[in-house]
2 protein chains.
Amino acid sequence: MVNNMTENDNQTEDKIFEAATRVFEEKGMDGARMQDIANKAGINKALLHYYFRTKDRLFDAVFQKVAGRMLMKFAPVFEKDLTLEEKIRFFFRQHITFMQENPRLPAFVLNEINRNPARIKKLLKNVDFKKIWMMLIEQHKDELDKYNITEESIPQIMTTIAAISVFPFAAKGILEGIFENLGVNFDAYIEQRKEFAADFVIGALKSRKK
Amino acid sequence: MVNNMTENDNQTEDKIFEAATRVFEEKGMDGARMQDIANKAGINKALLHYYFRTKDRLFDAVFQKVAGRMLMKFAPVFEKDLTLEEKIRFFFRQHITFMQENPRLPAFVLNEINRNPARIKKLLKNVDFKKIWMMLIEQHKDELDKYNITEESIPQIMTTIAAISVFPFAAKGILEGIFENLGVNFDAYIEQRKEFAADFVIGALKSRKK
DNA sequence: TATACATTTGACCATTTGGTTAAACTATAT
DNA sequence: ATATAGTTTAACCAAATGGTCAAATGTATA
(Lines give C-alpha, C1' and ligand atoms only; values in the text may rest on other atoms or scores of the structure.)
Protein backbone atom coordinates (compact mmCIF):
# COMPACT_ATOMS: atom_id res chain seq x y z
CA MET A 1 0.00 0.00 0.00
CA VAL A 2 1.69 3.13 -1.18
CA ASN A 3 -0.54 6.09 -0.47
CA ASN A 4 -2.59 4.61 2.33
CA MET A 5 -2.51 7.56 4.67
CA THR A 6 -4.71 9.89 2.72
CA GLU A 7 -7.14 7.16 1.82
CA ASN A 8 -7.47 5.91 5.37
CA ASP A 9 -7.78 9.46 6.57
CA ASN A 10 -10.69 10.04 4.27
CA GLN A 11 -12.22 6.69 5.06
CA THR A 12 -12.48 7.43 8.75
CA GLU A 13 -13.52 11.01 8.25
CA ASP A 14 -16.13 9.92 5.75
CA LYS A 15 -17.48 7.27 8.10
CA ILE A 16 -17.80 9.91 10.80
CA PHE A 17 -19.38 12.37 8.44
CA GLU A 18 -21.89 9.88 7.19
CA ALA A 19 -22.86 8.74 10.66
CA ALA A 20 -23.09 12.32 11.88
CA THR A 21 -25.31 13.26 8.97
CA ARG A 22 -27.67 10.41 9.76
CA VAL A 23 -27.84 11.19 13.45
CA PHE A 24 -28.16 14.96 13.07
CA GLU A 25 -30.85 14.59 10.44
CA GLU A 26 -32.82 12.31 12.69
CA LYS A 27 -32.36 13.98 16.06
CA GLY A 28 -31.35 17.53 15.28
CA MET A 29 -28.40 19.38 16.80
CA ASP A 30 -29.72 19.29 20.36
CA GLY A 31 -31.01 15.75 20.31
CA ALA A 32 -27.91 14.24 18.72
CA ARG A 33 -25.37 12.49 20.96
CA MET A 34 -21.68 12.32 20.20
CA GLN A 35 -21.56 8.79 21.60
CA ASP A 36 -24.33 7.78 19.22
CA ILE A 37 -22.45 9.18 16.26
CA ALA A 38 -19.26 7.43 17.34
CA ASN A 39 -21.09 4.11 17.69
CA LYS A 40 -22.73 4.40 14.29
CA ALA A 41 -19.36 5.28 12.76
CA GLY A 42 -17.84 2.27 14.50
CA ILE A 43 -15.17 4.29 16.24
CA ASN A 44 -14.16 5.74 19.56
CA LYS A 45 -15.77 8.91 20.80
CA ALA A 46 -12.42 10.59 21.28
CA LEU A 47 -11.74 10.12 17.59
CA LEU A 48 -14.69 12.32 16.79
CA HIS A 49 -13.02 15.13 18.64
CA TYR A 50 -9.77 14.34 16.92
CA TYR A 51 -11.27 14.96 13.48
CA PHE A 52 -13.84 17.62 14.36
CA ARG A 53 -12.88 19.45 17.50
CA THR A 54 -16.34 20.01 18.92
CA LYS A 55 -19.92 18.93 18.40
CA ASP A 56 -20.64 22.38 17.09
CA ARG A 57 -17.95 22.17 14.42
CA LEU A 58 -19.09 18.71 13.40
CA PHE A 59 -22.65 19.89 13.11
CA ASP A 60 -21.57 22.93 11.16
CA ALA A 61 -19.66 20.78 8.67
CA VAL A 62 -22.64 18.48 8.19
CA PHE A 63 -25.16 21.28 7.98
CA GLN A 64 -23.10 23.31 5.57
CA LYS A 65 -22.84 20.36 3.23
CA VAL A 66 -26.43 19.10 3.25
CA ALA A 67 -28.02 22.53 3.27
CA GLY A 68 -25.72 23.57 0.47
CA ARG A 69 -26.62 20.47 -1.49
CA MET A 70 -30.26 21.36 -1.11
CA LEU A 71 -29.88 24.96 -2.19
CA MET A 72 -27.72 23.88 -5.13
CA LYS A 73 -30.71 22.07 -6.56
CA PHE A 74 -32.29 25.43 -7.20
CA ALA A 75 -29.35 26.68 -9.24
CA PRO A 76 -29.51 24.76 -12.56
CA VAL A 77 -33.03 26.02 -13.07
CA PHE A 78 -31.81 29.56 -13.40
CA GLU A 79 -28.99 28.68 -15.73
CA LYS A 80 -30.69 26.47 -18.27
CA ASP A 81 -32.01 28.01 -21.41
CA LEU A 82 -35.66 27.10 -21.12
CA THR A 83 -38.96 28.88 -21.27
CA LEU A 84 -40.54 29.82 -17.98
CA GLU A 85 -43.00 26.95 -18.23
CA GLU A 86 -40.25 24.48 -19.00
CA LYS A 87 -38.23 25.76 -16.09
CA ILE A 88 -41.12 25.29 -13.71
CA ARG A 89 -41.71 21.77 -14.94
CA PHE A 90 -38.00 20.98 -14.82
CA PHE A 91 -37.66 22.32 -11.31
CA PHE A 92 -40.46 20.32 -9.76
CA ARG A 93 -39.31 17.06 -11.32
CA GLN A 94 -35.71 17.64 -10.29
CA HIS A 95 -36.37 18.97 -6.83
CA ILE A 96 -39.03 16.53 -5.74
CA THR A 97 -36.96 13.63 -7.03
CA PHE A 98 -34.04 14.88 -4.97
CA MET A 99 -36.18 15.03 -1.86
CA GLN A 100 -37.56 11.56 -2.50
CA GLU A 101 -33.98 10.42 -2.06
CA ASN A 102 -33.43 12.65 0.99
CA PRO A 103 -36.82 12.86 2.66
CA ARG A 104 -35.51 14.05 6.03
CA LEU A 105 -33.47 16.89 4.62
CA PRO A 106 -36.11 19.61 4.25
CA ALA A 107 -37.43 19.33 7.78
CA PHE A 108 -33.91 19.17 9.14
CA VAL A 109 -32.67 22.24 7.31
CA LEU A 110 -35.77 24.30 7.98
CA ASN A 111 -35.72 23.47 11.65
CA GLU A 112 -32.07 24.13 12.30
CA ILE A 113 -32.23 27.42 10.47
CA ASN A 114 -35.15 28.58 12.54
CA ARG A 115 -33.36 27.45 15.67
CA ASN A 116 -30.23 29.32 14.73
CA PRO A 117 -30.83 31.86 11.96
CA ALA A 118 -27.21 32.97 12.06
CA ARG A 119 -26.25 29.75 10.31
CA ILE A 120 -28.07 30.64 7.12
CA LYS A 121 -26.05 33.79 6.68
CA LYS A 122 -22.87 31.80 6.18
CA LEU A 123 -24.63 29.69 3.57
CA LEU A 124 -26.17 32.52 1.63
CA LYS A 125 -23.08 34.69 1.70
CA ASN A 126 -21.80 32.96 -1.42
CA VAL A 127 -25.05 33.29 -3.35
CA ASP A 128 -25.78 36.52 -5.14
CA PHE A 129 -29.55 36.58 -5.15
CA LYS A 130 -29.68 40.04 -6.58
CA LYS A 131 -27.81 38.83 -9.64
CA ILE A 132 -30.00 35.77 -10.10
CA TRP A 133 -33.01 37.96 -9.67
CA MET A 134 -31.88 40.40 -12.35
CA MET A 135 -30.96 37.60 -14.73
CA LEU A 136 -34.34 36.05 -14.29
CA ILE A 137 -36.20 39.25 -14.96
CA GLU A 138 -34.08 39.98 -18.02
CA GLN A 139 -34.28 36.47 -19.41
CA HIS A 140 -38.04 36.18 -19.14
CA LYS A 141 -38.98 39.77 -19.72
CA ASP A 142 -41.56 38.94 -22.35
CA GLU A 143 -43.08 36.07 -20.38
CA LEU A 144 -43.34 38.12 -17.22
CA ASP A 145 -45.17 40.68 -19.25
CA LYS A 146 -47.40 38.08 -20.91
CA TYR A 147 -48.37 36.61 -17.53
CA ASN A 148 -48.78 40.03 -16.05
CA ILE A 149 -46.17 39.35 -13.37
CA THR A 150 -45.05 42.49 -11.57
CA GLU A 151 -41.70 42.63 -9.80
CA GLU A 152 -43.53 42.78 -6.53
CA SER A 153 -45.23 39.46 -7.10
CA ILE A 154 -42.05 37.57 -7.99
CA PRO A 155 -41.16 36.78 -4.37
CA GLN A 156 -44.73 35.55 -3.90
CA ILE A 157 -44.51 33.26 -6.91
CA MET A 158 -41.03 31.99 -6.09
CA THR A 159 -41.87 31.15 -2.51
CA THR A 160 -45.10 29.56 -3.66
CA ILE A 161 -43.18 27.26 -5.97
CA ALA A 162 -40.75 26.39 -3.20
CA ALA A 163 -43.63 25.85 -0.80
CA ILE A 164 -45.45 23.45 -3.07
CA SER A 165 -42.29 21.43 -3.55
CA VAL A 166 -40.89 21.41 -0.04
CA PHE A 167 -43.92 21.40 2.20
CA PRO A 168 -45.00 17.77 1.68
CA PHE A 169 -41.63 16.64 2.97
CA ALA A 170 -41.38 19.23 5.71
CA ALA A 171 -44.81 18.12 6.93
CA LYS A 172 -44.33 14.45 6.13
CA GLY A 173 -45.11 13.40 9.69
CA ILE A 174 -48.48 15.11 9.70
CA LEU A 175 -49.44 14.22 6.16
CA GLU A 176 -48.74 10.55 6.61
CA GLY A 177 -50.95 10.63 9.69
CA ILE A 178 -53.80 12.26 7.80
CA PHE A 179 -53.33 10.26 4.62
CA GLU A 180 -53.51 7.04 6.59
CA ASN A 181 -56.96 8.15 7.64
CA LEU A 182 -57.98 8.77 4.06
CA GLY A 183 -56.39 5.75 2.45
CA VAL A 184 -53.96 7.89 0.48
CA ASN A 185 -50.47 6.56 -0.15
CA PHE A 186 -47.76 9.10 0.53
CA ASP A 187 -45.25 7.84 -2.01
CA ALA A 188 -47.81 7.73 -4.79
CA TYR A 189 -48.93 11.21 -3.80
CA ILE A 190 -45.37 12.46 -4.12
CA GLU A 191 -44.83 10.80 -7.47
CA GLN A 192 -48.04 12.35 -8.73
CA ARG A 193 -47.02 15.71 -7.34
CA LYS A 194 -44.14 16.20 -9.77
CA GLU A 195 -46.58 16.85 -12.60
CA PHE A 196 -49.47 18.19 -10.55
CA ALA A 197 -47.34 20.95 -9.08
CA ALA A 198 -46.13 22.13 -12.48
CA ASP A 199 -49.65 22.06 -13.92
CA PHE A 200 -50.99 23.92 -10.93
CA VAL A 201 -48.44 26.72 -11.02
CA ILE A 202 -48.53 27.11 -14.77
CA GLY A 203 -52.31 27.15 -14.62
CA ALA A 204 -52.24 29.88 -12.01
CA LEU A 205 -49.86 31.93 -14.11
CA LYS A 206 -51.92 31.48 -17.26
CA SER A 207 -54.99 32.74 -15.47
CA ARG A 208 -53.14 36.04 -14.97
CA LYS A 209 -52.72 36.54 -18.67
CA LYS A 210 -53.70 39.99 -19.79
CA MET B 1 -60.02 35.99 50.03
CA VAL B 2 -62.56 33.25 49.72
CA ASN B 3 -61.73 31.06 46.81
CA ASN B 4 -58.06 31.81 46.56
CA MET B 5 -56.86 28.25 46.22
CA THR B 6 -58.20 27.58 42.76
CA GLU B 7 -57.19 30.97 41.49
CA ASN B 8 -53.69 30.73 42.80
CA ASP B 9 -53.46 27.21 41.52
CA ASN B 10 -54.32 28.37 38.07
CA GLN B 11 -52.13 31.40 38.29
CA THR B 12 -49.02 29.36 38.96
CA GLU B 13 -49.93 26.66 36.51
CA ASP B 14 -50.64 29.27 33.86
CA LYS B 15 -47.36 31.02 34.50
CA ILE B 16 -45.56 27.71 34.06
CA PHE B 17 -47.53 26.86 30.98
CA GLU B 18 -46.86 30.19 29.38
CA ALA B 19 -43.16 30.08 30.12
CA ALA B 20 -42.94 26.49 28.91
CA THR B 21 -44.69 27.38 25.69
CA ARG B 22 -42.25 30.18 25.06
CA VAL B 23 -39.19 28.08 25.78
CA PHE B 24 -40.35 24.98 23.91
CA GLU B 25 -41.32 27.01 20.88
CA GLU B 26 -37.95 28.66 20.82
CA LYS B 27 -35.67 25.75 21.67
CA GLY B 28 -37.69 22.66 20.89
CA MET B 29 -38.13 19.67 23.19
CA ASP B 30 -34.47 18.68 23.25
CA GLY B 31 -33.07 22.18 23.51
CA ALA B 32 -35.41 23.34 26.26
CA ARG B 33 -34.17 23.36 29.85
CA MET B 34 -36.42 22.89 32.84
CA GLN B 35 -34.36 25.42 34.78
CA ASP B 36 -34.90 27.96 32.02
CA ILE B 37 -38.64 27.40 32.12
CA ALA B 38 -38.67 27.71 35.90
CA ASN B 39 -36.73 30.97 35.75
CA LYS B 40 -38.99 32.45 33.11
CA ALA B 41 -42.01 31.44 35.17
CA GLY B 42 -40.43 33.04 38.22
CA ILE B 43 -40.62 29.89 40.31
CA ASN B 44 -38.58 27.06 41.66
CA LYS B 45 -37.63 24.17 39.43
CA ALA B 46 -39.13 21.65 41.82
CA LEU B 47 -42.47 23.34 41.39
CA LEU B 48 -42.42 22.44 37.73
CA HIS B 49 -42.29 18.81 38.68
CA TYR B 50 -45.00 19.37 41.24
CA TYR B 51 -47.45 20.55 38.57
CA PHE B 52 -46.24 18.51 35.61
CA ARG B 53 -44.44 15.40 36.74
CA THR B 54 -41.83 15.23 34.00
CA LYS B 55 -40.41 17.28 31.18
CA ASP B 56 -42.10 14.93 28.78
CA ARG B 57 -45.53 15.50 30.31
CA LEU B 58 -45.03 19.25 30.36
CA PHE B 59 -43.99 19.21 26.74
CA ASP B 60 -46.92 17.02 25.85
CA ALA B 61 -49.34 19.40 27.50
CA VAL B 62 -47.87 22.38 25.69
CA PHE B 63 -47.65 20.62 22.37
CA GLN B 64 -51.14 19.23 22.56
CA LYS B 65 -52.52 22.70 23.17
CA VAL B 66 -50.61 24.71 20.58
CA ALA B 67 -50.75 22.07 17.86
CA GLY B 68 -54.43 21.65 18.52
CA ARG B 69 -54.96 25.40 18.34
CA MET B 70 -53.25 25.38 14.96
CA LEU B 71 -55.26 22.52 13.54
CA MET B 72 -58.47 24.07 14.85
CA LYS B 73 -57.92 26.99 12.52
CA PHE B 74 -58.63 24.66 9.63
CA ALA B 75 -62.00 23.62 11.00
CA PRO B 76 -64.27 26.66 10.53
CA VAL B 77 -63.48 26.62 6.84
CA PHE B 78 -65.20 23.31 6.39
CA GLU B 79 -68.23 24.27 8.40
CA LYS B 80 -69.10 27.65 6.96
CA ASP B 81 -71.60 27.84 4.19
CA LEU B 82 -69.53 29.46 1.49
CA THR B 83 -68.63 28.78 -2.09
CA LEU B 84 -65.33 27.05 -2.74
CA GLU B 85 -63.73 30.31 -3.81
CA GLU B 86 -65.00 32.11 -0.75
CA LYS B 87 -63.73 29.32 1.46
CA ILE B 88 -60.27 29.54 -0.05
CA ARG B 89 -60.19 33.29 0.40
CA PHE B 90 -61.50 33.02 3.94
CA PHE B 91 -58.98 30.36 4.85
CA PHE B 92 -55.89 32.25 3.73
CA ARG B 93 -56.94 35.43 5.49
CA GLN B 94 -57.79 33.61 8.69
CA HIS B 95 -54.85 31.26 8.73
CA ILE B 96 -52.11 33.68 7.76
CA THR B 97 -53.41 36.22 10.25
CA PHE B 98 -53.25 33.57 12.95
CA MET B 99 -49.66 32.77 12.08
CA GLN B 100 -48.73 36.43 12.04
CA GLU B 101 -49.65 36.36 15.71
CA ASN B 102 -47.83 33.08 16.31
CA PRO B 103 -44.95 33.09 13.87
CA ARG B 104 -42.92 30.40 15.62
CA LEU B 105 -45.77 27.91 15.81
CA PRO B 106 -45.61 26.32 12.36
CA ALA B 107 -41.91 25.51 12.49
CA PHE B 108 -42.27 24.25 16.04
CA VAL B 109 -45.16 21.92 15.30
CA LEU B 110 -43.74 20.62 12.05
CA ASN B 111 -40.39 19.92 13.61
CA GLU B 112 -41.60 18.14 16.72
CA ILE B 113 -43.93 15.99 14.70
CA ASN B 114 -41.16 14.89 12.40
CA ARG B 115 -38.97 14.22 15.40
CA ASN B 116 -41.64 12.15 17.09
CA PRO B 117 -44.39 11.14 14.66
CA ALA B 118 -46.20 9.20 17.37
CA ARG B 119 -47.31 12.48 18.89
CA ILE B 120 -49.47 13.41 15.92
CA LYS B 121 -51.55 10.27 16.28
CA LYS B 122 -52.88 11.44 19.62
CA LEU B 123 -53.81 14.78 18.08
CA LEU B 124 -55.52 13.41 15.02
CA LYS B 125 -57.37 10.68 16.86
CA ASN B 126 -60.18 13.10 17.60
CA VAL B 127 -60.49 14.40 14.05
CA ASP B 128 -62.52 12.41 11.58
CA PHE B 129 -60.87 13.32 8.31
CA LYS B 130 -62.92 10.83 6.39
CA LYS B 131 -66.07 12.61 7.45
CA ILE B 132 -64.74 16.08 6.61
CA TRP B 133 -63.57 14.71 3.30
CA MET B 134 -67.00 13.32 2.44
CA MET B 135 -68.76 16.49 3.55
CA LEU B 136 -66.48 18.55 1.39
CA ILE B 137 -67.05 16.44 -1.68
CA GLU B 138 -70.81 16.44 -1.15
CA GLN B 139 -71.04 20.15 -0.40
CA HIS B 140 -69.07 21.25 -3.42
CA LYS B 141 -70.05 18.53 -5.83
CA ASP B 142 -70.97 20.94 -8.60
CA GLU B 143 -67.88 23.10 -8.15
CA LEU B 144 -65.54 20.11 -8.13
CA ASP B 145 -67.16 19.12 -11.37
CA LYS B 146 -66.93 22.60 -12.81
CA TYR B 147 -63.22 22.84 -11.96
CA ASN B 148 -62.63 19.33 -13.17
CA ILE B 149 -61.31 18.22 -9.79
CA THR B 150 -61.04 14.47 -9.44
CA GLU B 151 -61.04 12.81 -6.04
CA GLU B 152 -57.46 11.86 -6.59
CA SER B 153 -56.36 15.45 -6.94
CA ILE B 154 -58.05 16.67 -3.77
CA PRO B 155 -55.11 15.75 -1.51
CA GLN B 156 -52.84 17.55 -3.95
CA ILE B 157 -54.94 20.67 -3.86
CA MET B 158 -55.45 20.62 -0.10
CA THR B 159 -51.78 20.18 0.68
CA THR B 160 -50.93 22.85 -1.86
CA ILE B 161 -53.18 25.30 -0.06
CA ALA B 162 -51.66 24.38 3.29
CA ALA B 163 -48.18 24.65 1.80
CA ILE B 164 -48.73 28.12 0.41
CA SER B 165 -50.04 29.30 3.77
CA VAL B 166 -47.63 27.60 6.14
CA PHE B 167 -44.34 27.50 4.27
CA PRO B 168 -43.40 31.19 4.58
CA PHE B 169 -43.50 30.83 8.36
CA ALA B 170 -41.90 27.41 8.46
CA ALA B 171 -39.06 28.80 6.35
CA LYS B 172 -39.03 32.23 7.92
CA GLY B 173 -35.36 31.97 8.84
CA ILE B 174 -34.29 31.30 5.26
CA LEU B 175 -36.69 33.71 3.64
CA GLU B 176 -35.68 36.60 5.82
CA GLY B 177 -32.08 35.90 4.88
CA ILE B 178 -32.86 35.91 1.17
CA PHE B 179 -35.29 38.81 1.33
CA GLU B 180 -32.72 40.94 3.07
CA ASN B 181 -30.56 40.41 0.01
CA LEU B 182 -33.33 41.52 -2.28
CA GLY B 183 -34.68 44.41 -0.29
CA VAL B 184 -37.98 42.68 0.35
CA ASN B 185 -39.75 43.22 3.65
CA PHE B 186 -41.01 40.01 5.24
CA ASP B 187 -43.98 41.49 7.04
CA ALA B 188 -45.19 43.31 3.96
CA TYR B 189 -44.72 40.14 1.96
CA ILE B 190 -46.89 38.25 4.44
CA GLU B 191 -49.60 40.88 4.44
CA GLN B 192 -49.65 40.81 0.67
CA ARG B 193 -49.76 37.04 0.68
CA LYS B 194 -53.25 36.84 2.17
CA GLU B 195 -54.76 37.97 -1.10
CA PHE B 196 -52.05 36.71 -3.44
CA ALA B 197 -52.43 33.15 -2.20
CA ALA B 198 -56.18 33.13 -2.74
CA ASP B 199 -55.86 34.64 -6.21
CA PHE B 200 -53.17 32.16 -7.10
CA VAL B 201 -55.07 29.07 -6.03
CA ILE B 202 -58.36 30.21 -7.50
CA GLY B 203 -56.56 31.07 -10.71
CA ALA B 204 -55.03 27.62 -10.85
CA LEU B 205 -58.43 26.02 -10.29
CA LYS B 206 -60.11 28.16 -12.93
CA SER B 207 -57.53 27.11 -15.48
CA ARG B 208 -58.74 23.52 -15.00
CA LYS B 209 -62.24 24.42 -16.06
CA LYS B 210 -63.66 22.05 -18.60
C1' DT C 1 16.30 -0.46 13.16
C1' DA C 2 15.38 3.86 15.07
C1' DT C 3 12.86 8.15 14.67
C1' DA C 4 9.12 11.01 13.86
C1' DC C 5 4.47 11.62 13.08
C1' DA C 6 -0.32 10.70 12.55
C1' DT C 7 -4.12 7.75 14.21
C1' DT C 8 -6.83 5.32 17.67
C1' DT C 9 -8.17 3.97 22.17
C1' DG C 10 -9.67 3.48 27.21
C1' DA C 11 -9.99 5.88 31.21
C1' DC C 12 -11.20 9.95 33.15
C1' DC C 13 -13.27 14.73 34.30
C1' DA C 14 -16.26 18.74 35.07
C1' DT C 15 -20.58 20.30 34.13
C1' DT C 16 -25.20 20.03 33.04
C1' DT C 17 -29.62 18.18 33.56
C1' DG C 18 -33.97 16.00 34.85
C1' DG C 19 -35.70 14.64 38.86
C1' DT C 20 -36.30 13.82 44.22
C1' DT C 21 -36.94 14.82 49.12
C1' DA C 22 -37.74 16.69 53.38
C1' DA C 23 -38.74 20.70 55.40
C1' DA C 24 -41.05 25.31 55.47
C1' DC C 25 -44.86 28.12 54.36
C1' DT C 26 -49.87 29.32 53.56
C1' DA C 27 -54.65 29.10 53.99
C1' DT C 28 -58.79 26.89 55.40
C1' DA C 29 -61.86 24.26 58.39
C1' DT C 30 -62.97 22.81 63.06
C1' DA D 1 -55.36 27.79 68.35
C1' DT D 2 -54.55 23.57 66.01
C1' DA D 3 -54.90 20.05 62.74
C1' DT D 4 -55.09 19.29 57.78
C1' DA D 5 -54.02 19.67 53.19
C1' DG D 6 -52.15 22.00 49.40
C1' DT D 7 -48.15 24.86 47.81
C1' DT D 8 -43.30 26.35 47.51
C1' DT D 9 -38.48 26.10 48.37
C1' DA D 10 -33.44 24.87 49.09
C1' DA D 11 -30.47 21.29 48.98
C1' DC D 12 -29.32 17.28 46.91
C1' DC D 13 -28.59 13.15 43.63
C1' DA D 14 -27.57 9.99 39.89
C1' DA D 15 -27.07 9.72 35.19
C1' DA D 16 -25.75 11.61 30.97
C1' DT D 17 -22.86 14.35 28.20
C1' DG D 18 -19.24 16.96 25.75
C1' DG D 19 -14.72 17.01 26.06
C1' DT D 20 -9.62 15.82 27.51
C1' DC D 21 -5.30 13.17 28.03
C1' DA D 22 -1.76 10.09 28.17
C1' DA D 23 -0.67 5.89 26.46
C1' DA D 24 -0.75 2.62 22.59
C1' DT D 25 -0.79 1.42 17.84
C1' DG D 26 0.26 1.94 13.25
C1' DT D 27 3.06 3.85 9.35
C1' DA D 28 6.31 5.99 6.61
C1' DT D 29 11.09 7.81 6.30
C1' DA D 30 16.15 8.20 7.13
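Per chain, numbering begins at 1; letters A, B, ... match sequence-line order.
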Please report, rounded to the nearest Å, how far the P atom of C/dT7 is from the CZ atom of A/F52.
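Distance, rounded to whole Å: 13 Å.
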Using five pairs at each end of the helix from C/dT1-D/dA30 to C/dT30-D/dA1 to define an axis, what is the angle between those two axes, to 10°?
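Result, rounded to 10 degrees: 10°.
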Atom-to-atom span, NZ of A/K55 to P of D/dG19 - whole angstrom
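Atom-to-atom, A/K55 to D/dG19, this comes out as 8 Å.
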Rounded to the Å, how far apart are B/L58 CG and C/dT17 P?
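Going from CG in B/L58 over to P in C/dT17 covers 16 Å.
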Contacts of type side-chain contact (heavy atoms from CB on, under 4.5 Å), residue B/Q139, not counting sequence neighbours
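B/K87, B/M135.
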For A/F24, which of A/F63, A/F108, A/F59 qualifies under ring pair (Phe, Tyr, Trp, His ring centres under 6.0 Å)?
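Single ring pair (Phe, Tyr, Trp, His ring centres under 6.0 Å) partner of A/F24 among A/F63, A/F108, A/F59: A/F59.
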Salt bridge or not between B/D30 and B/R115? Use side-chain N to carboxylate O under 4.0 Å.
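Not counted as a salt bridge, because no side-chain N and carboxylate O are separated by less than 4.0 Å.
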Atom-to-atom span, OH of A/Y51 to C1' of D/dG18 - whole angstrom
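The answer, rounded to whole Å, is 20 Å.
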Any side-chain N or O of B/T54 under 4.0 Å from OP1/OP2 of C/dG18?
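So the side-chain polar atoms of B/T54 never come under 4.0 Å of the phosphate oxygens OP1 or OP2 of C/dG18.
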What orientation do B/F52 and B/F17 show, parallel under 30°, tilted 30 to 60°, or perpendicular over 60°?
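Taking B/F17 first and then B/F52, their aromatic rings sit tilted (interplane angle of 30° to 60°).
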Below 4.0 angstrom, which residues in residues 22-50 of chain B have at least one non-hydrogen atom near DNA chain C?
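Per residue number, the list reads B/A32, B/R33, B/M34, B/K45, B/A46, B/H49.
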Residue A/K27 excluded, over 12 heavy atoms near NZ under 6.0 Å
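No, because the 6.0 Å sphere around NZ of A/K27 holds 12 heavy atoms or fewer from other groups.
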Please name all residues satisfying ring-ring contact (aromatic ring centres under 6.0 Å, His included) with A/F200, sequence neighbours left out, ordered by chain then number.
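Scan of A/F200 (ring-ring contact (aromatic ring centres under 6.0 Å, His included), adjacent residues dropped) gives A/F196.
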Please tabulate, for the side chains in residues 35-44 of chain B, all donor-acceptor contacts under 3.5 angstrom to protein atoms that are two or more places apart in sequence or on a different chain.
from: B/D36; atom 1: OD1; to: B/K40; atom 2: NZ; distance (Å): 3.0
from: B/N44; atom 1: OD1; to: B/A46; atom 2: N; distance (Å): 2.7

Could you list the residues that satisfy side-chain contact (heavy atoms from CB on, under 4.5 Å) with A/I132, not counting sequence neighbours?
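Partners of A/I132 under the side-chain contact (heavy atoms from CB on, under 4.5 Å) test: A/F78, A/V127.
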